[in-house]
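The structure under discussion appears below in the form of structure tokens.
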Amino acid sequence: AYQSETRRMLVTKNNDPFAQLVSSGISLGNVNMGSPDTLRDFIVWATQHYPAKRYALSIWDHGAGWKAEGILRGAVQDETSGSFMNLPDLGNAVTNAGVHLQVLDFDACLMAMYEVAYEFSGLVDFLVFSEETEPGDGDPYDTILANLTATPTMTANTLASTIVDRYYDSYKDNTREKTTKSAVDMAKIEALHAAVRAL
């Protein structure tokens, strides 16, 4: 049973993924997942232990985008610590990790906003996020990773588009009123920012 334990591991193909989850990897104890230091440390650990030519990061948790006041803003809630990572903390975690990300995927609700994209300007090449709330299952990692495994040399643009396409495919028969997912070329954000400021 889950005991408020955080584990880091390499996920491999396995007929019993839950058994792998509870019996393998490095136990870190009860870690505050709403802390930017935790996200930074994970990015550093993953890229040092599993170096690659290109990196994609998926953040799967609650999301609240950016609001001027009132409810929490950002993403990644830790119920055992009572914390929620705000938008500047998310950006600082990626910045302080010192790793440029080709794709950052927010598998979280309400993150597809100009303000969120601007926070990651210069840190990532493509940002994937949802404007509306997401269904509870979130991204269909099985089909996304199947596509990536079949074509491991795909570009960041293609991976970002693949995440969007597989997301829509998985919910095409959904009875929800709205399902949204977007991929944004972050090279365009500075021009958008200049236009918004001029307006």
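Numbering of residues begins at 1 and proceeds along the displayed sequence. FYI, side chains are in, hydrogens and waters are out, and symmetry mates aren't considered; it's all heavy atoms of this structure. No experiment lies behind these values; they were computed from the predicted model shown.
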Which heavy atom of Ser130 sits nearest to which heavy atom of Tyr167, and what is that distance? OG-OH, 4.5 Å
Can you see which heavy atom on Ile144 is nearest to which on Arg166, and at what distance? CG1-CB, 3.8 Å
N/O donor to acceptor pairs below 3.5 angstrom from side-chain atoms of residues 98-105, sequence neighbours left out:
residue: His100; atom: ND1; partner: Leu123; partner atom: O; Å: 3.3
residue: His100; atom: NE2; partner: Asp125; partner atom: OD1; Å: 2.7
residue: Gln102; atom: OE1; partner: Tyr55; partner atom: N; Å: 2.7
residue: Asp105; atom: OD2; partner: Ser58; partner atom: OG; Å: 3.2

State plainly whether one hydrophobic cluster holds both Leu39 and Phe120, where clusters connect Ile, Leu, Val, Met, Phe, Trp and Tyr through side-chain heavy atoms under 4.5 angstrom apart. yes
Hydrophobic clusters here meaning ILVMFWY residues chained together by side-chain heavy-atom distances under 4.5 Å, can you tell me if Tyr118 and Val124 are in one? yes
For atom CD of Glu115, is the number of surrounding heavy atoms from other residues, nucleotides or ligands below 6.0 Å larger than 12? yes
Take Tyr168 and Val164 through the test side chain to side chain contact (heavy atoms under 4.5 Å, CB included) and record every step on the way to the result. CA-CA 6 Å; Tyr168 279 116; Val164 172; 3.6 Å; yes
Spacing of Glu131 atom CD and Thr179 atom OG1 [to the nearest 0.5 Å]: 12.0 Å
Modelled atom types, side-chain donor and acceptor of Asp107 and Tyr141, under 3.5 Å: yes
In sequence, state the C-alpha distance, the side-chain angles, and the governing distance for Asp41 and Arg8, and then conclude on side chain to side chain contact (heavy atoms under 4.5 Å, CB included). CA-CA 11 Å; Asp41 292 349; Arg8 290 180 182 160; 3.5 Å; yes
Honestly curious: do Leu57 and Ile163 fall in one hydrophobic cluster under the side-chain, below-4.5 Å linking rule? no
How far does CE of Met154 sit from OG1 of Thr162, to the nearest 0.5 angstrom? 4.0 Å
Residues Lys172, Asp169: salt bridge by 4.0 Å N-O rule: no
Taking all non-hydrogen atoms of both residues into account, name the closest pair between Cys109 and Glu134 and its distance. SG-N, 3.1 Å
Rounded to the nearest 0.5 Å, what separation is found between the CG atom of Asn30 and the OG atom of Ser81? 6.0 Å
Nearest non-hydrogen partners of Tyr114 and Leu192, listed with the distance: CD1-CD2, 3.6 Å
Return the CD to CE distance between Glu119 and Met111, rounded to the nearest 0.5 Å. 9.5 Å
For Pro36 against Ala93, the heavy-atom pair lying closest together: O-CB, 3.4 Å
Go through the steps to decide whether Thr180 and Glu132 satisfy the test side chain to side chain donor-acceptor pair (under 3.5 Å), and finish with yes or no. CA-CA 6 Å; Thr180 60; Glu132 298 288 343; 5.7 Å; no
State whether a side-chain donor-acceptor pair under 3.5 Å links Thr158 with Thr155. yes
Met9 CE to Ser27 OG distance, which is reported to the nearest 0.5 Å: 9.5 Å
With clusters defined by side-chain heavy atoms of hydrophobic residues (ILVMFWY) lying less than 4.5 Å apart, directly or transitively, does Val128 cluster with Leu148? yes
Okay, side chain of Asp89, backbone of Met85: is any donor-acceptor separation there less than 3.5 Å? no
Closest non-hydrogen atom pair, Val44 against Ala97: CG2-O, 3.7 Å
Under 3.5 Å, is there a donor on one side chain and an acceptor on the other for Asn32 and Ser83? yes
Any side-chain to backbone donor/acceptor pair from Thr151 onto Thr153? Under 3.5 Å, distance only. no
Leu127 vs Phe129, test: side chain to side chain contact (heavy atoms under 4.5 Å, CB included). Steps then yes/no. CA-CA 7 Å; Leu127 192 57; Phe129 43 15; 3.3 Å; yes
Do Trp45 and Val31 share a hydrophobic cluster (ILVMFWY, side-chain heavy atoms under 4.5 Å, transitive)? yes
Enumerate, atom names and distances included, each donor-acceptor pair closer than 3.5 Å involving a side-chain atom of residues 183-190, sequence neighbours excluded.
residue: Asp185; atom: OD1; partner: Ala187; partner atom: N; Å: 3.0
residue: Glu190; atom: OE2; partner: Ser121; partner atom: OG; Å: 3.0

Might you work through the side chain to side chain contact (heavy atoms under 4.5 Å, CB included) test for Arg7 and Ile26, ending with a clear yes or no? CA-CA 5 Å; Arg7 286 182 172 268; Ile26 302 163; over 6 Å; no
Lys181 with Asp139: basic N within carboxylate O range, under 4.0 Å: yes
Let me confirm one number: the CZ-CG distance from Phe84 to Asp61, rounded to the nearest 0.5 Å. 7.5 Å
Given the options Thr95, Val116, Val76, Leu90 meets side-chain contact (heavy atoms from CB on, under 4.5 Å) only with Val76
